Amino acid sequence: QVQLVESGGGLVQPGGSLRLSCAASGSTVSIYVMGWYRQVPGKQRELVAIITSSSTTDYADSVKGRFTISRDNAKNTVYLQMNNLKPGDTAVYYCNYRKLVPQRYDYWGQGTQVTVSA
């Protein structure tokens, strides 16, 4: 099984930056997708960014050009660098690890609060 521990959330001013980390431990597979999702009260959880085991990345339109997802294989950690933060980025951010073999299965981090406010 996989355990995910998130860190790096906090309170920042509009235009500021924040870096989220997600450390994975436990069993791993060679084919997977990791990503960041976010959710606000009363709203559906939405995809923010993903990175595959072959290093392909994709982003939600709302964060393109501002957020960057990356991975450190030696540390078994995925990061989300968030620049030029806006109040609309305020949410709980969740790390996701998706196994694709032998069958699709999702693991989730505990969530970390990001608040962007003047």
Side-chain angles (χ1 to χ4, degrees):
Q1 306 304 311
V2 175
Q3 296 80 46
L4 305 174
V5 179
E6 302 178 32
S7 62
L11 173 65
V12 296
Q13 305 234 331
S17 297
L18 210 57
R19 185 178 178 87
L20 306 183
S21 299
C22 177
S25 61
S27 61
T28 59
V29 295
S30 59
I31 303 176
Y32 65 90
V33 178
M34 292 194 71
W36 291 93
Y37 294 72
R38 66 188 183 187
Q39 188 170 27
V40 299
K43 201 167 181 289
Q44 208 170 26
R45 185 177 299 181
E46 67 171 350
L47 175 68
V48 176
I50 59 169
I51 184 166
T52 72
S53 51
S54 59
S55 297
T56 299
T57 60
D58 199 12
Y59 300 89
D61 288 340
S62 60
V63 306
K64 283 182 179 177
R66 300 188 297 120
F67 291 10
T68 303
I69 188 170
S70 61
R71 182 182 63 244
D72 186 334
N73 288 332
K75 297 181 179 179
N76 211 17
T77 300
V78 169
Y79 305 94
L80 184 68
Q81 179 66 46
M82 304 183 292
N83 297 327
N84 192 23
L85 283 160
K86 304 175 179 180
D89 296 319
T90 296
V92 176
Y93 284 70
Y94 295 92
C95 179
N96 169 261
Y97 180 97
R98 176 170 293 166
K99 288 185 175 181
L100 300 178
V101 294
Q103 59 192 36
R104 176 169 162 168
Y105 191 87
D106 287 320
Y107 298 87
W108 294 94
Q110 80 278 10
T112 184
Q113 177 71 46
V114 172
T115 302
V116 185
S117 176

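Computed from a predicted structure; not experimentally measured.
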Take T112 and V92 through the side chain to side chain contact (heavy atoms under 4.5 Å, CB included) test and state the conclusion after the steps.
-> CA-CA 5 Å; T112 184; V92 176; over 6 Å; no
To the nearest 0.5 Å, atom OG of S53 lies from atom CG of L100 at 7.5 Å
Checking R45 against W36: charged group under 6.0 Å from the ring centre and within 45 degrees of the axis?
-> no
Are R71 and Y79 in a cation-pi contact, defined as NZ or CZ under 6.0 Å from the six-membered ring centre and within 45° of the axis?
-> no
Over all atoms of both residues, closest heavy-atom pair of L20 and G9 = CD2-N, 3.6 Å
When you measure from the side chain of T68 to the backbone N and O of Q81, does any donor-acceptor pair fall under 3.5 Å?
-> no
S17 to N83 - nearest heavy-atom pair and separation | OG-OD1, 2.9 Å
Is the closest side-chain heavy-atom distance between Y94 and Q110 below 4.5 Å?
-> no
Between L18 and the options L11, V116, L85, T115, the side chain to side chain contact (heavy atoms under 4.5 Å, CB included) test singles out L85
Given Y97 and M34, is the side chain to side chain contact (heavy atoms under 4.5 Å, CB included) satisfied, shown in steps?
-> CA-CA 5 Å; Y97 180 97; M34 292 194 71; 3.6 Å; yes
For V63 and V48, work out which heavy atoms get closest and say how close.
-> CG2-O, 3.7 Å
Audit row: Q1, Y107, side chain to side chain contact (heavy atoms under 4.5 Å, CB included) steps and yes/no | CA-CA 9 Å; Q1 306 304 311; Y107 298 87; 2.8 Å; yes
Approximate separation, where rounding is to 0.5 Å, of S55 OG and N73 CG = 7.0 Å
Taking the six-membered ring for Trp, is the centroid-to-centroid distance between F67 and Y59 below 6.0 Å?
-> no
Within-4.5 Å side-chain heavy-atom neighbours: V2 and K99 = yes
K86 bridged to D89 by N-O distance under 4.0 Å = no
Which residue, N96, V5, L4, forms the side chain to side chain contact (heavy atoms under 4.5 Å, CB included) with C22?
-> L4
According to a 4.5 Å side-chain heavy-atom criterion applied to Ile, Leu, Val, Met, Phe, Trp and Tyr, with indirect links allowed, do V12 and V40 form part of one hydrophobic cluster?
-> no
Which of R38, Q113, E6 passes side-chain hydrogen bond (donor to acceptor under 3.5 Å, both in side chains) with Y93? It is R38
Answer yes if the side chains of S54 and T52 hold a donor-acceptor pair under 3.5 Å, and no otherwise.
-> yes
P14 versus P87: any side-chain heavy-atom pair under 4.5 Å?
-> yes
Check whether any side-chain heavy atom of R104 sits under 4.5 Å from a side-chain heavy atom of R98, and report yes or no.
-> yes
Using only heavy-atom distances, determine whether the side chains of T77 and D72 contain a donor-acceptor pair under 3.5 Å.
-> no
Side chain N84, main chain R66, donor-acceptor under 3.5 Å | no
On a heavy-atom basis, the closest approach of I69 and V78 is CG1-CG1, 3.9 Å
Shortest non-hydrogen contact from A118 to Q13?
-> O-NE2, 3.9 Å
Might you work through the ring-ring contact (aromatic ring centres under 6.0 Å, His included) test for Y37 and W108, ending with a clear yes or no?
-> CA-CA 10 Å; Y37 294 72; W108 294 94; 5.1 Å; yes
So how far is it from Q39 CD to Q44 CD, rounded to the nearest 0.5 Å?
-> 8.5 Å
Between atom OG of S62 and atom CD of E46, what is the distance when rounded to the nearest 0.5 Å?
-> 5.5 Å
Below 4.5 Å, heavy atoms only, C-beta onward: do T90 and V114 meet side chain to side chain?
-> no
